[in-house]
Amino acid sequence: MGKWAAGHYVKMVHNGIEYSLMQLISEVYDILKRGLKTGNDELAAIFKKWNEGELKSFLIEITASIFKMVDKETGHRLVDLILDRAGAKGTGKWTSQSAMDLSLPVPAIDIAVSMRDISIYKEQRTQAAELYQSEIKNFTGNKEEWLTQLYDAFYFATVISYAQGFSLLVKASAEMDMQIPLPDVIKIWRGGCIIRSALLEEFYNIYQSIPNLPNLLLDKKIAELLLKKESSIRKIIAAAVEMQIPVAGFSASLAYFDAYCSRQLPTNLIQAQRDYFGAHKYERIDKTGLFHNEWQPLPEHAEEQKPKHTP
């Protein structure tokens with residue numbers, strides 16, 4: 001997979017993407033199960049249908065199978081008997097840590113790690129649910145229309161997960177001289193791994209043409225696909241928030257998309273704040289260099305503390 005520890009790094013990022021995709025699938029499940037009151041047989045049928053099209057993947061395939069599994073001891077569906085507290089071996093966390101070291105944002109992976117962490121605190125979550133009287137609000141609307149929007153939203157967020165993972169591989173390869181052959185990586189993942197999916201074929205073709213493309217979102221065909229599905233993820237997130245269903249993975253994916261596609265971000269204010277309280281300096285849009293300003297007016301309580309000027 002390249003030089004030095006490239007193989008290990010590729011496997012780590014694979015698992016980071018895996019964390020993100022599993023979080024998204026769990027959020028789809030939550031919306032369907034608690035929001036739309038969908039039974040296990042219908043859940044299995046929905047995921048089975050999804051696995052027959054452009055979202056065909058190993059994780060969607062096994063998810064459909066999971067809903068069918070019956071517990072031998074009780075006769076109930078096994079998934080309903082499993083505690084909502086997920087463990088982790090660390091590879092998702094390592095992916096996030098490495099990305100932060102490289103100043104490369106992967107919020108869909110970050111939030112997937114955080115949501116596993118919050119699941120650990122089952123007792124506290126139970127207490128909080130009682131304290132705040134947290135209840136899922138009833139779903140209103142056309143279910144078939146919702147399923148179509150949910151499909152498109154999951155497609156959108158799935159592409160974002162892969163885009164973040166690939167961009168990390170591109171930057172890490174350059175920064176650490178690992179010479180990772182990204183088209184080969186995608187070809188191997190497509191052939192057989194936990195995150196293998198039909199989408200990888202499209203990604204392979206893109207990186208075969210532009211091996212060092214810094215982000216999938218810069219590809220025109222990907223842009224066309226996402227623009228068709230963008231409205232759906234916005235509607236799904238808004239509806240889920242109203243129902244009090246946490247959709248951290250979807251929300252992080254959309255926020256990343258909006259920020260990445262924004263010409264202007266409010267970080268100019270952050271630069272000003274940093275210079276105000278710590279003289280960290282800032283850049284300007286009208287000339288090059290780093291600048292510092294003696295910010296005025298000072299807060300009222302700070303005026304008395306301002307050092308007197310000594311000639």
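- Although no hydrogens or angles enter the test, the distance criterion places a donor-acceptor pair under 3.5 Å between the side chain of Asn205 and the main chain of Glu201.
- Side chains of Val79 and Leu81 form no contact here, defined as non-hydrogen atoms less than 4.5 Å apart.
- Counting non-hydrogen atoms of neighbouring residues, nucleotides and ligands closer than 6.0 angstrom, the CD1 atom of Ile62 exceeds 12 such neighbours.
- Side-chain heavy atoms closer than 4.5 Å link hydrophobic residues (I, L, V, M, F, W, Y) into clusters, and following such links, even through other members, never connects Trp295 to Ile270.
- Around OH of Tyr121, the count of heavy atoms belonging to other residues, nucleotides or ligands within 6.0 Å does not exceed 12.
- Using modelled atom types, one finds no donor on one side chain facing an acceptor on the other under 3.5 Å when comparing Asp275 with Asn293.
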| field | Steps toward side-chain contact (heavy atoms from CB on, under 4.5 Å) verdict (Met22, Met115) | value | CA-CA 11 Å; Met22 293 172 72; Met115 292 306 289; over 6 Å; no

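- Taking Asn15 as the reference, Lys11, Thr91 meet the side-chain hydrogen bond (donor to acceptor under 3.5 Å, both in side chains) condition, with sequence neighbours excluded.
- Side chain of Asn215 to backbone of Leu218: no donor-acceptor contact under 3.5 angstrom is found.
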Distance-only criterion, 3.5 Å: show the donor-acceptor pairs between side-chain atoms of residues 46-54 and protein atoms not counting sequence neighbours.
from	atom 1	to	atom 2	distance (Å)
Lys48	NZ	Glu52	OE2	3.2
Asn51	OD1	Ser57	N	2.9
Glu54	OE2	Tyr151	OH	3.4

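- Atom CD of Gln273 sits in a crowded spot, with more than 12 heavy atoms from other residues, nucleotides or ligands closer than 6.0 Å.
- With Tyr282 as the aromatic partner, Arg274 does not meet the cation-pi criteria of under 6.0 angstrom to the ring centre and within 45 degrees of the ring axis.
- Counting only residues at least two apart or in different chains, side chain to side chain donor-acceptor pair (under 3.5 Å) contacts with residues 124-135 comprise Asp84-Arg125.
- The heavy-atom pair separating Ser98 from Met12 by the smallest distance is CB-CE, 4.0 Å.
- Between Tyr256 and Val106, every side-chain heavy-atom pair lies at or beyond the 4.5 Å cut-off.
- No more than 12 heavy atoms of other residues, nucleotides or ligands lie within 6.0 Å of NZ in Lys221, so this atom counts as exposed by the packing criterion.
- No side-chain N or O of Tyr19 forms a donor-acceptor pair with one of Ser161 less than 3.5 Å apart.
- For the pair Lys143 and Thr38, the minimum side-chain heavy-atom distance is below 4.5 Å.
- Tyr9 is listed as a side-chain neighbour of Met176, based on a closest heavy-atom distance under 4.5 Å.
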| said: Let's go through Thr74 and Asp71 carefully: what are the C-alpha distance in whole Å and the side-chain angles of both, what is the deciding distance for side-chain hydrogen bond (donor to acceptor under 3.5 Å, both in side chains) to 0.1 Å, and is it a yes or a no? | reply: CA-CA 6 Å; Thr74 64; Asp71 177 53; 2.7 Å; yes

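- When every heavy atom of Phe58 is checked against every heavy atom of Ile194, the shortest pair comes out as CD2-O, 3.5 Å.
- Salt-bridge check for Asp286 with Arg284: passed, with a basic side-chain N closer than 4.0 Å to an acidic carboxylate O.
- At least one side-chain heavy atom of Asp80 sits under 4.5 Å from a side-chain heavy atom of Lys33.
- Note on Arg190 versus Glu202: no salt bridge recorded, every NZ/NE/NH1/NH2 to OD/OE distance being 4.0 Å or above.
- A donor-acceptor pair shorter than 3.5 Å cannot be found between the side chains of Tyr29 and Thr63.
- A cation-pi arrangement is present between Lys229 and Tyr155, with the terminal nitrogen or guanidinium carbon under 6.0 Å from the aromatic centre and inside a 45° cone about the axis.
- Panel note: side chain Ser262, backbone Ala259; no donor-acceptor pair is recorded below 3.5 Å.
- Applying the salt bridge (charged side-chain N to carboxylate O under 4.0 Å, His left out) test to every pair with at least one member in residues 255-270, sequence neighbours left out, gives these pairs: Arg234-Asp258.
- With hydrogens and angles disregarded, no donor-acceptor distance shorter than 3.5 Å links the side chain of Ser65 to the backbone of Glu61.
- For NE2 of His280, the number of neighbouring non-hydrogen atoms (other residues, nucleotides, ligands) closer than 6.0 Å is greater than 12.
- The minimum heavy-atom distance linking Val170 with Asn212 is given by the pair CG1-O, 4.0 Å.
- A donor and an acceptor atom, one from each side chain of Ser114 and Asp117, are nowhere located under 3.5 Å apart.
- The residues Arg77 and Asp41 are annotated as salt-bridged, a charged nitrogen and a carboxylate oxygen being separated by less than 4.0 angstrom.
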| request: Take Glu42 and Leu32 through the test side-chain contact (heavy atoms from CB on, under 4.5 Å) and record every step on the way to the result. | output: CA-CA 10 Å; Glu42 188 178 358; Leu32 291 172; over 6 Å; no

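- Between the side chain of Glu27 and the backbone N or O of Phe250 there is at least one donor-acceptor pair closer than 3.5 Å.
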| field | Full working for side-chain contact (heavy atoms from CB on, under 4.5 Å) between Tyr162 and Thr158 | value | CA-CA 6 Å; Tyr162 280 111; Thr158 295; 3.6 Å; yes

| request: Go through the steps for Ile160 and Leu217 under the test side-chain contact (heavy atoms from CB on, under 4.5 Å), then give the verdict. | output: CA-CA 8 Å; Ile160 296 295; Leu217 299 187; 3.9 Å; yes

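- Not a single salt bridge (charged side-chain N to carboxylate O under 4.0 Å, His left out) links Lys137 to another residue, sequence neighbours left out.
- Looking at Val70 and His76, their side chains never come closer than 4.5 Å, going by heavy atoms from C-beta outward.
- No side-chain heavy atom of Lys72 sits under 4.5 Å from any side-chain heavy atom of Leu78.
- The two residues Ile180 and Ala6 make their nearest non-hydrogen contact at CG1-CB, 4.0 Å.
- A 6.0 Å sphere centred on NZ of Lys3 holds more than 12 heavy atoms belonging to other residues, nucleotides or ligands.
- Looking at Ile109 and Gln23, their side chains never come closer than 4.5 Å, going by heavy atoms from C-beta outward.
- Among residues two or more places apart in sequence or in another chain, the side-chain contact (heavy atoms from CB on, under 4.5 Å) test is passed with Cys193 by His14, Trp189, Ile195, Arg196.
- Counting only distance, with no hydrogens or angles, the side chain of Ser167 and the backbone of Gln164 share a donor-acceptor pair below 3.5 Å.
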